[in-house]
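These notes are about the structure you will find just below.
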2 protein chains.
Amino acid sequence: MSASAPRTRLKTRFKPARLKLSSDHSKRPLDRMSLHDQLVAKVREMIVDGELAAGAPLPERMLCETFGVSRTPLREAFKILAAEGLIELRPHRTPVVAPIDRAEIAEIFDVMVALDRSAGFQAANRASADDITRLDAMHAELVELHRAAQRATYFRLNQQIHSEITRLAGNSVLFNIWSILQRSVFRARAVANYDARRWSESVAEHEAFMALLHAGDAEGFADALSLHTRKTGDSVLLMLD
Amino acid sequence: MSASAPRTRLKTRFKPARLKLSSDHSKRPLDRMSLHDQLVAKVREMIVDGELAAGAPLPERMLCETFGVSRTPLREAFKILAAEGLIELRPHRTPVVAPIDRAEIAEIFDVMVALDRSAGFQAANRASADDITRLDAMHAELVELHRAAQRATYFRLNQQIHSEITRLAGNSVLFNIWSILQRSVFRARAVANYDARRWSESVAEHEAFMALLHAGDAEGFADALSLHTRKTGDSVLLMLD
DNA sequence: AAAATCAAAATTGCATACCGCATCCAGATG
DNA sequence: CATCTGGATGCGGTATGCAATTTTGATTTT
C-alpha cells in the first residue's frame, strides 16, 4: 500500500454524524474519520466492550435508527466487522455478534504467541531509549494498579502496554493483524478475568520481560513475551470451560 | 483501546483496518456461495492473477457493467478486498488496485516467516501418514516441474504445497491470515520470478524440509520452512528494487 | 395434543435515485 | 505568460424502494 498517511486527514468535513446511542462513549475524538470508519469503529467498540453481547442479533433496520444512518453504510460496515471476525453474516439471516468459540480463541492465542515472539524480537531491537522510558512508566503504573487491585484499569493498561510493544516492532501489517486478534480475544478475557494467582504471576512475567528488555536481550525478551501470551491464553481458556 | 490507537501521540503512519480472520473457510462447502462471495472471489482472482494491474483504477459504475451487478453489492465486495489489502479505498476517490509496495511486502514476509514457523511445527506434529504421502506426491511433481523448467506450473504447485502444509497445522485462523498474506504477495512474486539459481536453491530447501518432516523432526521442519520463506522473501524483495 | 402446513409479516439482498465532494477546464487577473 | 478562480462534470456516499427469502404463528391434520 502506498504511503497513504492515516486515512482521511484532509479538510474533508464529514457531517456531525449523530451517533446517538450511548453517550458514555462519545468522549473519543472520532472526527476526521469518514462516516464509514466511524460506524465501523463504533460498532466494533460496542462489541469488544461487551455492550453488544456475544450471539446478540443485529437487525439492520434497528441499528440504522440507533446510529442515524441508512442500511447501505451500515451493511458496508458489517462486511468489515465480519472480515475481522467480530460478527457473523449468513445469507438472508440477521447478522449476529460472533459467539465466543473456545476452539477459535485457542487458535487465536496460538497465532498471537507466534506473532508476539516476532514482534517482541523486533521491538527489543528497535526500541529507543525514549520508548523504553515510556514503557517503564506504563509498567510502573501497571504494578501499582495490581497492588491496588484495580482490575478494570489494570486490564486496560495491560492491553495498552502489549499494544505499544507490538507497535514498536515497526511492522504495520503485524500490528494490524495483532490488533484484530487482540480485539477478538478481548471479549473473552473481559468475561474470564484473572484469578488472583494468575494475576500475580502475570505481573511477575511483566517484570521479567521488562528486565530482559533493559538488558538488551532481544531473544530473551521475545521468548518471555510469547511465553507470557501463551500462559495468558491457557488461563483464559481455562475459564471458558 | 483500538479506537484510541489513532490518537495523537503516535506520529506513525500505520494504516488502519485491513486483514480478515474469520474462520469459516473449511466449514463452508463451496457448493452454494452467495452472489456477494462470488463477487469478492472474482475480483480477488482478477487482482491476484494480475488481470487487474497494481495501481489500476476501479471505477464502480464501469465494473458494475462488467459484472452485471449494481453498485451496492460491488461496494460491499470492495470493503472486503480493502480489508484484505488488495485494493485501496479513500473517501470520494475512485478505488484502485493496491500498488505493490516493497516495504509492505517486506513486512508481510516477516509475518509469514513467523506464521510458517508456528504452522510448520504444528503441521509436523499433526500430519498423518496419508498427509505426508500426499505431500510427497506433490513434492515429487514439484521436483519434476523444476527439472522440466515449467515455471508457471511449478509456481502454482509450490503455492499449493505451502498452502497444504499450513492447512495441516489445523488452525483455521492461522490458515486464513496466511492465505490473505499469501495472496498479497502472490502478485509481487508473479512479477518478480525466481532466477535460475534461486529456483534451484528453493527446490533444495523443499527437499530439506520434506526430509525433516519424514524424520519427524517438528522443530527442524518448522525452522527449515520458515527459513525457506525468509529466503524466498529476500529473493522477491531483491527483484523489486 | 403434537406435528405438519401454509399464509402473513418481517428482514435481508439488490437496484436505483439523489446529493455532495473532487477534479478539470475556461476565462479572468496579475 | 503564468496563476488564480469559478462553474461544469464525473464519481463516490447515502438513502430509499422493491424483490427474494426466512421467520412467525395460526390453522389444520393425524
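Chain letters run A, B, ... following the sequence lines, proteins first and then strands; every chain starts at 1. Only a predicted model underlies this, so the values are computations on that prediction, with no experimental measurement involved.
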- Task: In whole angstrom, give the distance that lies between atom CG of A/Leu58 and atom P of C/dG13.
- Result: 13 Å
- Item | Heavy-atom donor-acceptor pair, B/Arg61 side-chain to D/dG12 base, under 3.5 Å | yes
- So does A/Arg71 reach the base of C/dG13 with its side chain, donor to acceptor, closer than 3.5 Å? yes
- Looking at A/Glu45 and A/Lys42, does any basic side-chain N land under 4.0 Å from a carboxylate oxygen? no
- Task: Report the distance from atom NE2 of B/His36 to atom C1' of D/dT21, rounded to the nearest whole Å.
- Result: 18 Å
- Query: When you check the side-chain N and O atoms of B/Glu84 and B/Ser184, is any donor under 3.5 Å from an acceptor?
  - Reply: no
- Note on the structure: Between CZ of B/Phe78 and P of C/dC14 the distance, given in whole Å, is 15 Å
- Any side-chain donor near an acceptor of the partner, A/Arg198 and A/Thr232, under 3.5 Å: yes
- Query: Are the charged groups of A/Arg134 and A/Asp131 less than 4.0 angstrom apart, N to O?
  - Reply: yes
- Item | B/Lys79 NZ - D/dG13 P separation (whole Å) | 6 Å
- Item | Whole-Å gap separating P (D/dG10) and CE (B/Met62) | 16 Å
- Message: Tell me whether A/Lys79 is salt-bridged to A/Glu76, with the criterion being a basic N under 4.0 Å from an acidic carboxylate O.
- Response: no
- Where the side chain of B/Arg75 is concerned, which of D/dG12, C/dG13, D/dA15 is the nearest nucleotide? D/dG12
- Query: Do the side-chain N or O atoms of B/Arg93 get closer than 4.0 angstrom to the phosphate oxygens (OP1, OP2) of D/dC11?
  - Reply: no
- For D/dT14, does OP1 or OP2 lie under 4.0 Å from any side-chain N or O of A/Ser70? no
- Note on the structure: Closest of C/dC18, D/dT22, C/dA22 to the B/His92 side chain is C/dA22
- Message: Would the base of D/dT22 count as contacting A/Thr94 through its side chain, where contact means a donor and an acceptor less than 3.5 Å apart?
- Response: no
- Query: 5'-most contact on DNA chain D: A/Thr72 or B/Glu60, nearest heavy atom basis?
  - Reply: B/Glu60
- Within this structure, what is the CD-to-P distance between A/Glu76 and C/dC14, rounded to whole angstrom? 13 Å
- In whole angstroms, the gap separating C1' of C/dT11 from CG of A/Leu63 amounts to 13 Å
